[in-house]
Amino acid sequence: MSITVRPARPADVRAINRLVEPMTHEGILLGKDLVAYYEAVQEFLVAVDASDEIVGCGALHVMWEDLAEVRTLAVHPDQRGTGIGHRMLTALLARAAQLGLRRVFCLTFEVDFFSRHGFSVMDQDVVDAEVYNQLLRSADEGVAEFLDLARVKPNTLGNTRMIIQLDAEDTSAQGS
């Protein structure tokens, strides 16, 4: 089966929601209102099959000048184990490199998957005090998860905070 990874379009949002929604009921992904997907559609990539049906999705959310989060990485249950998740994550990391970002964070139950892609469990202090104080001002729940704030603990219980440091050559070569 031929799979293409492309930027998401507003017309894809309902299909993204249908793909993600069962995983929110299982507690694998955090639920979002449909409007949140529309507001963030430019952050998403989708994997589509030959009939343009969405079989995977993922988003890259910029959090700071050198930091982003991989969000909502999902693959249709019938397509798991086929490499779509790998292709989606690789494309999201390439997008981060194109933006000149040096670090990418995720909050996940899929520790082995992300470890195979170079992510490691996060230390507590990955940003300095000034950046931490700026990030505290964000209303975004993903930023609160990154900071490991107590108010998000009920949503993240059991998840692992992971991060990858992109190579300097990955981020500098993308700008040429």
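Everything numeric in this text was worked out from a predicted model, so none of it was measured. All residue numbers refer to positions in the sequence shown, counting from 1.
- When every heavy atom of Leu19 is checked against every heavy atom of Ala74, the shortest pair comes out as CD2-O, 3.9 Å.
- The closest donor-acceptor contact from the side chain of Arg95 to the backbone of Leu45 lies at 3.5 Å or more, if one exists at all.
- In the hydrophobic clustering of ILVMFWY residues, with side-chain heavy atoms under 4.5 Å counting as a link, Leu73 and Ile164 come out together.
- Put simply, Phe113 and Leu29 are part of two different groups of oily side chains (I, L, V, M, F, W, Y) that touch within less than 4.5 Å, one to the next.
- To the nearest 0.5 Å, atom CD of residue Glu39 and atom NZ of residue Lys32 are 11.0 Å apart.
- By the 4.5 Å heavy-atom criterion applied to side chains, Leu99 and Leu60 are counted as neighbours.
- Each of Val41 and Val5 belongs to its own hydrophobic cluster when Ile, Leu, Val, Met, Phe, Trp and Tyr are linked at side-chain heavy-atom distances under 4.5 angstrom.
- Residues Val75 and Val70 share a hydrophobic cluster, clusters being chains of Ile/Leu/Val/Met/Phe/Trp/Tyr side chains in contact below 4.5 Å.
- Using modelled atom types, one side-chain atom of Thr24 and one backbone atom of Glu21 make a donor-acceptor pair closer than 3.5 Å.
- Heavy atoms of other residues, nucleotides or ligands lying less than 6.0 angstrom from CZ of Arg14 number 12 at most.
- Rounding to the nearest 0.5 Å places CG of Leu30 at 8.5 Å from OG1 of Thr72.
- Closest of all the heavy-atom pairs between Ile16 and Cys57 is CG2-SG, 4.0 Å.
- Scanning both residues, Met88 and Gly58, for their nearest heavy atoms gives CE-N, 3.5 Å.
- The shortest heavy-atom contact between Phe114 and Cys106 is CD2-SG, 3.6 Å.
- To the nearest 0.5 angstrom, Phe105 atom CZ is 10.5 Å from His61 atom NE2.
- A tilted orientation is assigned to the rings of His117 and His86, their planes being inclined by 30° to 60°.
- Interatomic distance, Ile54 CD1 to Arg6 CZ, rounded to the nearest 0.5 Å: 6.0 Å.
- The two residues Ile3 and Ala47 make their nearest non-hydrogen contact at CG2-CB, 3.9 Å.
- If you chain together hydrophobic residues whose side chains sit under 4.5 Å apart, Ile28 and Leu107 never meet in one group.
- Here the shortest heavy-atom pairing between Val104 and Phe119 reads O-CE2, 3.3 Å.
- The side-chain hydrogen bond (donor to acceptor under 3.5 Å, both in side chains) check on Asp66 picks up Arg102, Arg103, with sequence neighbours excluded.
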